[in-house]
Undergrad: 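Just passing along the structure, written as C-alpha cells.
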Amino acid sequence: RSAKVRFIDQTNLPERYIKVTTDNKSVLWDAIKKLKFRGAPAIGIAGAFGVVLGIQKSKSKNFVSFEKELEKIISYFKTSRPTAINLFWALDRMKKIALENKTDDINYLKHVLLHEAIKIFNEDKHICRRMAQNGSGLIKKGDTILTHCNAGALATADFGTALGVITSAHHDGKKIKVYVDETRPLLQGARLTAWELQKEGVDAILICDNMAASLMAKGKIDKIFVGADRIAKNGDTANKVGTYNLAVLADYHKIPFYVVAPISSFDFSIEDGSKIPIEERSPKEITEIRGKRIAPKGIKVYNPAFDVTPSE
Ligand code: MRU
C-alpha cells in the first residue's frame, strides 16, 4: 500500500472546500507552487510528506543509490518556494534522519521517513497550541487586533501561529475584535483568515490593506499580530508583503507589533534580513483577479510575495 497525502486546496476557499488526495509528488510540488497548500509551517510539512511520496516507490537496494534518489527529491521540493525557511528546515530534517539510519534495510528506512514526516506534523500541532497559550496572555479584554495574510490553521498543522494567538484569546473569553487585511494580491486575508475567524465565531472585520493606516491614526488598533516566513539571526523578519508597512505604521502610532513563529521559521545561518531570498511571483497575480484582467495589457509589473521587517 502506498502512502497518500490529503490536503485542502486553499485556492478554492472560501467558496468551495475541496480536498485533494494524491500519492504523486509532482501534484504536491505543484500545490505548493500554486499556493493550494501554503503558509510557512504548512509547506514544511508538505515538503516532508513530498519526500515520502517521492521515495516510497524507490527500487534502490543499497543506501548509496537510495541517498542519490532522496537527494534528488529533496532538491526538487526545494525549488517549489524560496522564502519560507520551514520548507528547507523540514527537508533537511528528512535527510538527516535518513543518514542517521543509513545502515538499516531500505524498506525500514522508508518507514523511518514516513514516521519523521508524521512527527514534524504532530510537533507543529503541539507548537501552535503552546504559542497560542503563551501569546493569549498578551491580549487584554476588549482589545482590537489587526492581522495580515493568513497565519491560521490553514497555514500550519493546526490552529495557526498569529491567528492561533488571536483565536485562543477569543476562546479565553476576551471579547476581542479583529481587523483583517485583505492581503493583495492573492487575498489570503479576505479568503482564508476571514473564513477561519468567522468559523471560530470571532468578531472579524475585513478591510483593504490601504485602510490600516487611518484605523491606527484613529486609535482603533490596540495590537498587531502577524506570522513569519523566515527570521534572520538578528530578528529581521520576512513575512507576506505589506507586513513591513504595518510595522512602520505601528512604530509611528506606538502600537505593539508581535511576530508569532516557531523555531522552524528561524534561519540562524544568516546574519540579517538582507540575505533572505524574496520570492517574485507571476505578474498575472496583479493584473488579473481570479482570471479576469484588471490592468492594461503590456503593463510592467513588480510582484514580490514577501517583505522584510527590520528587527528594531
Ligand atoms: O504566500 P503565502 O500565503 O504562503 O504566505 C504566507 C505568509 O506570509 C504567512 O503570513 C506566514 O506563512 C505565516 S506563518 C503561519
Side-chain angles (χ1 to χ4, degrees), residues 7-13 29-47 77 80-90 120-121 123-125 127-132 135 145-168 180-197 209 224-231 237-247 257-267 273 276-282 285-286 303-309:
F7 62 90
I8 302 161
D9 180 346
Q10 298 186 31
T11 55
N12 286 305
L13 286 172
W29 185 94
D30 190 65
I32 300 172
K33 183 85 193 161
K34 296 194 175 138
L35 271 59
K36 293 177 183 173
F37 201 147
R38 53 146 294 285
I43 64 175
I45 294 160
F77 276 98
S80 59
R81 294 195 73 190
T83 303
I85 184 76
N86 314 65
L87 174 66
F88 303 87
W89 169 86
I120 289 172
F121 176 71
E123 278 174 16
D124 192 60
K125 280 188 181 182
I127 291 164
C128 285
R129 296 278 166 175
R130 291 288 306 275
M131 287 192 295
I145 294 160
L146 174 68
T147 190
H148 190 67
C149 195
N150 173 267
L154 289 166
T156 59
D158 179 34
F159 216 58
T161 58
L163 214 58
V165 170
I166 292 169
T167 46
S168 177
V180 179
D181 268 2
E182 62 171 353
T183 318
R184 278 283 286 150
L186 292 180
L187 305 168
Q188 288 93 329
R191 295 186 302 104
L192 310 175
T193 300
W195 181 75
E196 283 197 40
L197 289 177
D209 301 334
I224 300 169
F225 284 85
V226 296
D229 289 80
R230 192 185 293 229
I231 304 174
T237 298
N239 191 50
K240 179 55 57 192
V241 68
T243 301
Y244 176 43
N245 308 25
L246 294 182
F257 184 93
Y258 297 102
V259 175
V260 185
I263 290 290
S264 58
S265 301
F266 284 76
D267 185 350
I276 300 176
I278 301 294
E279 178 180 19
E280 279 194 41
R281 296 188 57 88
S282 165
E285 291 182 353
I286 294 182
N303 184 17
F306 301 93
D307 59 24
V308 176
T309 297

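Counting starts at 1 for both ligands and their atoms, following the listed order. We're numbering straight along the sequence, starting at 1.
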Undergrad: Let me know which protein residues bring a heavy atom to under 4.0 Å of ligand 1; chain then number is fine for ordering.
TA: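 Contacting ligand 1 under 4.0 Å are Leu35, Arg38, Gly39, Ala40, Pro41, Arg81, Cys149, Asn150, Ala151, Ala155, Thr161, Gln188, Gly227, Ala228, Asp229, Asn239, Lys240, Phe306.
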Undergrad: I'd like to know if the side chain of Asn150 pairs up with that of Arg38 as donor and acceptor (distance under 3.5 Å, no hydrogens or angles considered).
TA: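 Checked: Asn150/Arg38 side chains pair up, N/O donor to acceptor below 3.5 Å.
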Undergrad: First locate atom CG of Asn86, then atom CG of Asp124, and finally report the distance between them rounded to the nearest 0.5 Å.
TA: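 It comes to 8.0 Å.
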Undergrad: For residues Thr11 and Asp9, is any side-chain donor paired with an opposing acceptor at under 3.5 Å?
TA: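 Yes, a side-chain donor-acceptor pair sits under 3.5 Å.
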Undergrad: Kindly confirm or rule out a cation-pi arrangement of Arg230 over Phe88, judged by NZ or CZ under 6.0 Å from the six-membered ring centre and within 45° of its axis?
TA: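 So Arg230 does make the cation-pi contact.
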Undergrad: If only atom types and distance count, is the side chain of Gln10 paired as donor or acceptor with the main-chain N or O of Leu192 below 3.5 Å?
TA: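 No: the side chain of Gln10 does not pair with the backbone of Leu192.
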Undergrad: Mind checking ring pair (Phe, Tyr, Trp, His ring centres under 6.0 Å) for Phe7 and listing every partner two or more places apart, or none if nothing turns up?
TA: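 So Phe7 forms a ring pair (Phe, Tyr, Trp, His ring centres under 6.0 Å) with Phe37.
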